[in-house]
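Both ligands and their constituent atoms are indexed starting at 1 by order of listing.
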Amino acid sequence: MTDLLLTGIGSLTTNDGPPIAGAVVAIADGIVTYAGKEGDAPSQGAGRRIDCEERAVIPGFVDAHTHLVFAGDRSDEFARRLSGEAYASIAAAGGGILSTVAATRSVPDEELFELARARALRMLAAGTTTLEVKSGYGLDLDTERRLLEVGRRLGEELPVTVKTTLLGAHAVPPEFATDREGYIDLLTEEMIPALCELADYCDVFVEQGVFEVEEARRIFTVAGRYGLRPRVHACQLSPGGGAKLAAELGAASADHLDHATSEDAAALAGADVAAVLLPGASYTLGGRHAPARMLWDAGCTVALATDCNPGTSYLEGMGLVISLAVVEMGLTPEEALWASTRGGALSLGLDDRGLLVPGARADIVVLDAPHPTHIPYRPATNLVWRVVSGGKVAVPD
Ligand code: NIG
Ligand code: FE
């Protein structure tokens, strides 16, 4: 019995073949049971019907890289950067990530949850139905736990799927400023063992002046023993060994990759490590974009994500991300849409979504536009008309 039937679809993107005009999608028990031409649809039982009136329908966005749980903002640093200060020098002077750590540590659980909940709801309203949430603004056992708990709770209380990532190695916290080894010991000996049940993945910010490749290898090796696969902040601000480390370790993803080389691309493709690209950060920092075309052509599974965070990319929806990928990075609108849906899903090991075929989870966006190319074409407009998450209409609810 069909619970929900979307009819009158002007353009249906299934990610399993070309777009279909004049389509319907049928849903039962949260799962797509039919997605295709109206004329070929099996006879449908009762249930709710939504006439899409020739609008475009796409899979829900999968935002595979966010730092969603934080307090405060860094608009002051944004303004300083616009007058010429560098991200790295602000960070070296105790600003950057560490200023958000201070703000986040000082906020009680419920307030932290409410801040993150509001962001997640804005993401949902912009079409995101699955998101990855990193810790990384706690940098001590208690606060990292609180951030991961907020991430898990978002997935329990909101109509979004959440995967969590322990990013204890986002920066060395101030209390370990003169003892970075001591912090890595704390991470490997206490934080990972204590928090592995709350996380699906482990991440390390591999970057000059942050964590070295060998330090990351040590952290990821311990994380692996506790069942956490790596996702790696790699080659964001400078070239480095992060992408090759991700390939060597069989990471789920290497993220950012703004300075990745063709050798990095070949290594990632060969090891089946997803390349999660975050053009919002390059845009906000005024840095170079990842070589998306090269990574795609090398055979990488490319994903696009917001990187939502208060320092480098305060984006809460995929519209601008897709537009940057198309206008600045050389992906076609079709490729960018795939990377924002199926690519993100594959990077998170979620084979049941990011496509609209029988058996897929019914995470669906109806756009208030006749074709999905309107997303990059009209990046400043939230074109989402309806969101269906797990078969239920979530926007408007
Ligand atoms: O993905 N690169 C490291 N982490 C974030 C920035 C975090 C921050 O500045 O607060 C990023 O860009
Ligand atoms: Fe990030």
_Please verify the inter-ring angle class for His65 with His256; under 30° counts as parallel, over 60° as perpendicular, anything in between as tilted._
perpendicular
*Geometric class of the Phe70/Tyr137 ring pair [parallel <30°, tilted 30-60°, perpendicular >60°]*: perpendicular
Donor-acceptor pair between [X] and [Y] side chains, under 3.5 angstrom:
X	Y	result
Thr100	Arg74	yes
Asp63	Thr130	no
Asp258	His289	no
Thr165	Glu132	yes
Thr129	Arg353	no
Thr7	Glu38	no

_For ligand 1, the portion of Phe70 having any non-hydrogen atom under 4.0 Å away_ = neither
*For ligand 1, the portion of Glu207 having any non-hydrogen atom under 4.0 Å away*: neither
Tell me, which protein residue and heavy-atom name are nearest [atom], and how many Å apart are they?
atom	answer
atom 7 (C) of ligand 1	Tyr137 OH, 3.2 Å
atom 4 (N) of ligand 1	His170 NE2, 2.8 Å
atom 2 (N) of ligand 1	Gln236 OE1, 2.6 Å
atom 9 (O) of ligand 1	Tyr87 OH, 2.5 Å

Quick one: which ligand 1 atoms are inside 4.0 Å of a heavy atom on [X]?
X	value
Asn309	5 (C), 6 (C), 7 (C), 8 (C), 9 (O), 10 (O), 11 (C), 12 (O)
Ile97	7 (C), 8 (C), 9 (O), 10 (O)
His67	1 (O), 4 (N), 5 (C), 11 (C)
Thr312	6 (C), 9 (O), 11 (C), 12 (O)

Heteroatom of [X] nearest to the Fe ion (ligand 2) (N, O or S, atom name):
X	answer
His67	NE2
His233	NE2
Asp307	OD1
His65	NE2

*Checking salt bridge (charged side-chain N to carboxylate O under 4.0 Å, His left out) for the pair Asp368/Arg378: CA distance, chi angles, key distance, verdict?*
CA-CA 11 Å; Asp368 199 5; Arg378 298 160 64 191; over 6 Å; no
*Rounded to the nearest 0.5 Å, how far apart are CD of Glu212 and CD of Glu207?*
10.0 Å
*Examine Asp307 against ligand 1 and note whether any of their N/O atoms are separated by less than 3.5 Å.*
yes
